[in-house]
Novice: 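Structure incoming, see below.
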Amino acid sequence: MKRFLDLADLQREEVQELLDLARRLEAHPEPQALAGKILGMVFFNPSLRTLASFQAGMAKLGGTSFVITPGQGTWQLETRLGAVMNGAAAEHVREGIPVLASYCDALGIRAFADGKDLRYDLAETAFNAMAAVVDKPLVNLESAVNHPCQALADWKTMDDLGVPRNAKFVLSWVWHPRALPLAVPAATTHMAAMRGMEVVVLRPEGFALPPQIMEKARAAAALSGGSVRETSDRREALEGAQVLYAKEWGSTTYYGDAAADGELRARLTDWCVRNDWFAHAALDCRLMHCLPVRRNTAVADEVLDGPRSVVQREAYNRLTVQMAVLYKLLKGI
Ligand code: CP
């Protein structure tokens, strides 16, 4: 494996191999496996889990890491191709990213969606511009419309908990004070479809996932035996659900229009997951969320602190699956 950018680049068997390796490294640690290896990470956006779990994972495998947050103690980096650089950015990623790659054995990049132009974001324009100048193993630490590390961790979490491969998986939009990117909704829908699940995307009008994201998930479902559909009917969606995955995202009808998005979401504050959402779900229906989550706006205390919540296990599994990814990338086997 040379790059870990998208679960869609892997066959199901290759995902299974990564999950098996993650379990093996959990049971039989290899503290010298990556001795002498360096992971570089560039974070254009904040992080708690991704940053800490990759650093911890490299340390547990005997390697080391460095972290760059452009503009915070380092030069601000320009990502737009063809930009006239008369603003704040002192350096372009076309120079800065290959320089950083030359100092390490693998590079990770986090670059969220611009949130202005849906086509620009769906094309992963900024991330791809950087990926094009990296000649080392590369990891997507979350891009405009993808978060493969989160998706892999969530797949393992469901396996750990014995959630059947063909279970009903509901990804539900939940409230947030502002528009958030489509990376996790897109990656999660695709992951659950690839896992073979009955995937239902539950969202209010104005928040439908873009056709490209749905088509990619449906293509994965066609290979796995799963299915993917969308609805705004909460009661029908949650009937018999075995997983409720809560996530916030911006209006796709008003993408890049903060005022129109804000007006639409102002009427949707009841999209906060409470215990009564599970009234018709499976008895053991789990609550998943990638974190960070805002309590009592997106998910109520009663759910996050209750037995359905598996958010801590998801976050822990970021460490276990990323160690497997690093092992594969850096040991070359
Ligand atoms: N879920 C996730 O990627 O968390 P961070 O943004 O804290 O890295």
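Atoms within each ligand, like the ligands themselves, are counted from 1 in listed order.
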Novice: Determine the sole option in L209, I213, V199 for which the side-chain contact (heavy atoms from CB on, under 4.5 Å) test with V228 is passed.
Specialist: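 Per the side-chain contact (heavy atoms from CB on, under 4.5 Å) rule, the option paired with V228 is V199, out of L209, I213, V199.
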Novice: Could you tell me whether R110 approaches ligand 1 through its side chain, its backbone, both or neither, with non-hydrogen atoms closer than 4.0 Å?
Specialist: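 Near ligand 1, R110 shows its side chain, while the N, CA, C and O stay back.
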Novice: Do any nitrogen or oxygen atoms of P292 come within less than 3.5 Å of a nitrogen or oxygen of ligand 1?
Specialist: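 No, P292 has no N/O under 3.5 Å of an N/O on ligand 1.
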Novice: Please check if any side-chain donor atom of E263 sits under 3.5 Å from a side-chain acceptor atom of Y254, or the reverse.
Specialist: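 Judged by distance alone, the side chains do not pair up.
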Novice: For the atom pair CZ (F4) and CG (L326), what is the distance rounded to the nearest 0.5 Å?
Specialist: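 Answer rounded to 0.5 Å: 10.0 Å.
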Novice: Applying a heavy-atom cut-off of 4.0 Å, say which part of V184 lies close to ligand 1: side chain, backbone, both or neither.
Specialist: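 It is neither part, as no heavy atom is under 4.0 Å.
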Novice: When you measure from atom 2 (C) of ligand 1 to every protein heavy atom, which one gives the shortest distance, and what is it?
Specialist: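 Here the closest protein heavy atom is R318 NH1, 3.4 Å.
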Novice: Check whether any N or O atom of L51, backbone or side chain, sits under 3.5 Å from an N or O atom of ligand 1, and answer yes or no.
Specialist: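 No, L51 has no N/O under 3.5 Å of an N/O on ligand 1.
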Novice: For ligand 1 and C290, I'd like to know whether there is a polar contact (N/O to N/O, distance under 3.5 Å).
Specialist: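 Between C290 and ligand 1 (N or O atoms, distance only) the closest approach is under 3.5 Å.
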Novice: Within 45° of the six-membered ring axis of W271 and under 6.0 Å from that ring's centre, is NZ or CZ of R265 located there?
Specialist: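 R265 over W271 ring: no.
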Novice: Do me a favour and list the nearest non-hydrogen protein atom to atom 3 (O) of ligand 1 with residue, atom name and distance?
Specialist: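 Here the nearest protein heavy atom works out to H147 NE2, 2.8 Å.
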Novice: Between N296 and D301, is there a donor-acceptor pair closer than 3.5 Å when you use the side chain of the first and the backbone of the second?
Specialist: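 Confirmed, N296 side chain pairs with D301 backbone.
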Novice: So does H289 get a backbone contact from the side chain of E314, meaning a donor-acceptor N/O pair under 3.5 Å?
Specialist: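 Present.
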Novice: Quick one: look up the protein heavy atom nearest atom 4 (O) of ligand 1 and list residue, atom name and how far away it is.
Specialist: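 It is R49 NE, 2.9 Å.
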Novice: Nearest protein heavy atom to atom 7 (O) of ligand 1, by residue and atom, and its distance?
Specialist: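 Nearest neighbour among protein heavy atoms for atom 7 (O) of ligand 1, to 0.1 Å: L48 N, 2.7 Å.
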Novice: Examine distances only and state if a side-chain atom of S309 and a backbone atom of G306 form a donor-acceptor pair shorter than 3.5 Å.
Specialist: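 Flag not set: sc S309 to bb G306 has no pair under 3.5 Å.
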